[in-house]
Amino acid sequence: MAGIRGVRWLPGGRVLGIVGVVLALLAGAGWLAKPVWQPWWYAATLCGGHLSGRELAELLPAERLQGAKDTFGTGSGPLRCGVDESDGRHFVLDVRAEMDTGEPLGPLDMEFTVPRDLRFAYPRSVPGFYGKFGPVILQECPKLGPDSEGRARRLVTKVYTHGVESDPSPESLRTAVRIANGANVETGCGADALPLPERVEPVRGVSLAGARGTMCGWLAGTRLPASPSGERWQVVAPTDEHASITHCSLIDSGSGLPAVSLTGWYGDWTDKPFERLVSSNLQVPEGRSARDALLGQDFGRAAARCAGESANFLATSYTRNHTGSALPMSDVRGLLGAFARDQAARRGCTDLRLPGPTVHPDWDQE
């Protein structure tokens with residue numbers, strides 16, 4: 001009898017069937033929605049909480065994923081986290097932060113088999129560059145002091161994406177900055193916190209006069225050779241003078257191409273890549289070695305000692321089709337010398353070694 005207290009209503013078989021269908025539909029909708037909520041879930045649960053769901057949503061593919069091994073918060077060893085494909089064997093996001101002291105097979109040695117022209121797409125507030133697979137940030141750690149060999153300890157943060165990002169983006173850069181700031185605190189590095197950049201700025205050339213207030217201002221007071229096209233020079237000055245890798249370029253405004261790129265590389269970790277560069281490309285004469293400052297067909301290398309560690313300086317000059325140098329190597333040598341002297345003065349470097357006038361042949365030249 002309806003309305004009698006204590007009597008329960010029990011659903012019939014038809015109602016149970018409808019409820020089951022609804023639950024199945026809701027479960028399927030939840031499964032399909034996984035790519036939507038996954039970024040926020042991983043941001044809340046991985047990498048010590050240093051990630052942003054909004055940024056991960058741009059970096060992760062829209063498919064079912066799973067969290068990778070996470071060592072953030074353990075207080076020991078390299079810090080690593082990320083997101084894998086559903087099979088657990090392939091990554092879509094790999095995040096690492098670890099110390100580099102110049103030892104073989106360290107994080108920077110692995111990034112640079114040989115020194116190369118870098119894609120500097122970051123504001124000067126970020127001490128890093130876009131590496132082979134994503135952002136790389138280098139921070140010296142003043143609170144940790146030098147290692148037993150007297151080398152500065154550096155925190156290296158890398159963010160690799162697979163199959164999603166092929167060019168620098170604000171999302172990968174901001175992710176790297178967030179991780180670098182978190183790892184800085186967790187490791188006790190003591191570096192200054194990095195501001196979150198709003199965007200990735202394209203590298204733009206400025207006039208010689210406009211370069212005066214930059215790290216590359218020395219170019220404005222240097223007698224320069226004529227550009228290959230005969231048009232005026234522009235200067236690209238994308239890095240801060242205290243960065244672990246510094247950069248100046250002379251751009252031929254007639255072609256829009258760099259006629260010479262000049263980079264300074266600081267730390268003992270730079271020695272092996274430069275030795276590989278020289279030994280793999282130049283016929284080093286008897287009595288000289290790959291550790292020397294030498295001049296090749298399209299590049300030159302200088303060296304110094306800065307803050308008790310190695311510093312290497314590189315000048316590269318290529319034509320559009322890489323058939324030779326864009327400028328005579330005598331001019332490249334002069335620019336390399338001026339750049340290295342300016343860098344040495346800024347950083348208090350000693351034992352500056354510049355290449356002589358001899359242009360050593362490549363291995364493929366008889």
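Hydrogens, waters and symmetry mates play no part in the numbers below; they use all other heavy atoms, side chains included. FYI, the numbering just counts along the sequence from 1.
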Quiz item: Apart from Phe133 itself, what residues make up its hydrophobic cluster, given side-chain heavy atom links below 4.5 Å?
Solution: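 Under the 4.5 Å side-chain rule, Phe133 groups with Phe91, Tyr160.
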
Quiz prompt | Arg305 bridged to Asp268 by N-O distance under 4.0 Å | solution =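 Asp268 and Arg305: salt-bridged.
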
Spacing of [atom1] belonging to [X] relative to [atom2] belonging to [Y], to within rounding of 0.5 Å:
X	Y	atom1	atom2	answer
Gln297	Phe299	CD	CZ	9.5 Å
Leu352	Gln343	CG	CD	11.0 Å
Leu327	Leu250	CG	CG	7.5 Å
Leu282	Arg288	CG	CZ	11.0 Å
Leu294	Thr358	CG	OG1	9.5 Å
Arg153	Asp100	CZ	CG	12.0 Å

Practice problem: Not counting sequence neighbours, list each pair that qualifies as a side chain to side chain donor-acceptor pair (under 3.5 Å) and has a residue in residues 320-337. | Solution: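 Only Thr319-Asn321, Thr319-Thr323, Asn321-Thr323 qualify under side chain to side chain donor-acceptor pair (under 3.5 Å).
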
Please answer whether the main-chain N or O of [Y] pairs with a side-chain N or O of [X] as donor and acceptor at a distance below 3.5 Å.
X	Y	value
Asp70	Leu46	no
Arg301	Phe313	no
Thr246	Ala243	no
Asn281	Leu277	yes
Ser86	Leu65	no
Lys158	Gly131	no
Asp252	Gly254	yes
Asp147	Arg151	yes
Thr222	Leu224	no
Asn312	Gly264	no

Listed by chain and number, what are the salt bridge (Lys or Arg N to Asp or Glu O under 4.0 Å) partners of [X], not counting sequence neighbours?
X	result
Glu309	Arg154
Arg353	Asp351
Asp192	none
Arg347	none

Provide the closest heavy-atom pair for [X] versus [Y] in the form atom of the first, atom of the second, distance.
X	Y	result
Met99	Cys189	CE-CB, 4.4 Å
Val235	Cys216	CG1-CB, 3.9 Å
Trp218	Ala338	CZ3-CB, 3.5 Å
Thr71	Glu186	O-OE2, 4.3 Å
Ala315	Val332	CB-CG1, 3.8 Å
Arg80	Phe72	N-CE1, 3.8 Å

Expected list for residues 170-179: side-chain donor-acceptor pairs under 3.5 angstrom, two or more places apart:
from: Ser172; atom 1: OG; to: Glu165; atom 2: OE1; distance (Å): 3.1
from: Ser172; atom 1: OG; to: Glu165; atom 2: OE2; distance (Å): 2.9
from: Ser172; atom 1: OG; to: Ser169; atom 2: O; distance (Å): 3.3
from: Ser172; atom 1: OG; to: Ser169; atom 2: OG; distance (Å): 3.3
from: Arg174; atom 1: NE; to: Glu55; atom 2: OE2; distance (Å): 2.8
from: Arg174; atom 1: NH1; to: Pro197; atom 2: O; distance (Å): 2.8
from: Thr175; atom 1: OG1; to: Glu171; atom 2: O; distance (Å): 2.8
from: Arg178; atom 1: NE; to: Glu55; atom 2: OE1; distance (Å): 2.9
from: Arg178; atom 1: NE; to: Glu55; atom 2: OE2; distance (Å): 3.4
from: Arg178; atom 1: NH2; to: Glu55; atom 2: OE2; distance (Å): 3.0

Exercise. Run the numbers on Leu79 and Thr187 for side chain to side chain contact (heavy atoms under 4.5 Å, CB included), then give the verdict.
Key: CA-CA 9 Å; Leu79 302 177; Thr187 60; 4.1 Å; yes

Is there a side-chain contact between [X] and [Y], using heavy atoms and a 4.5 Å cut-off?
X	Y	answer
Glu85	Glu63	yes
Phe339	Cys248	yes
His360	Val284	no
Val156	Val136	yes
Thr113	Lys132	yes

Practice problem: Please list, chain by chain and in numerical order, all residues satisfying side chain to side chain donor-acceptor pair (under 3.5 Å) with Asp342, sequence neighbours excluded. | Solution: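 Applying side chain to side chain donor-acceptor pair (under 3.5 Å) to Asp342 gives Arg346.
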
Holding to side-chain contact (heavy atoms from CB on, under 4.5 Å), I want the full list of residues that pass it with [X], two or more places apart in sequence or in another chain.
X	result
Pro273	Asp109, Phe112, Pro115, Arg276
Leu56	Pro39, Tyr42, Ala43, Leu51, Leu60, Leu93
Val236	Val203, Pro238, Ser249, Ile251

Quiz item: Out of Ile137, Asp240, Leu138, which one pairs with Pro127 under the side-chain contact (heavy atoms from CB on, under 4.5 Å) rule?
Solution: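 Among the candidates, only Ile137 passes.
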
Self-check item: Listed once per pair and sorted, the salt bridge (charged side-chain N to carboxylate O under 4.0 Å, His left out) pairs that draw on residues 204-213, sequence neighbours left out
Solution: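 Every salt bridge (charged side-chain N to carboxylate O under 4.0 Å, His left out) pair that includes a residue of residues 204-213, provided the two are not neighbours, is Glu201-Arg204.
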
Path from [X] to [Y] over hydrophobic side-chain contacts below 4.5 Å:
X	Y	answer
Val114	Phe129	yes
Val126	Met215	no
Leu354	Val359	yes

Quiz prompt | Ser317 versus Asp298, side-chain donor and acceptor atoms under 3.5 Å | solution =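 No, because no side-chain N or O of Asp298 sits under 3.5 Å from a partner of the opposite role on Ser317.
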
Exercise. In sequence, state the C-alpha distance, the side-chain angles, and the governing distance for Tyr266 and Ile245, and then conclude on side chain to side chain contact (heavy atoms under 4.5 Å, CB included).
Key: CA-CA 6 Å; Tyr266 295 91; Ile245 304 175; over 6 Å; no

Quiz prompt | Derivation of the side chain to side chain contact (heavy atoms under 4.5 Å, CB included) call for Gln139 and Leu194 | solution = CA-CA 10 Å; Gln139 296 166 285; Leu194 302 175; 3.7 Å; yes

Self-check item: side chain to side chain contact (heavy atoms under 4.5 Å, CB included) evaluation trace for His247 with Leu262
Solution: CA-CA 6 Å; His247 183 206; Leu262 302 150; 5.9 Å; no

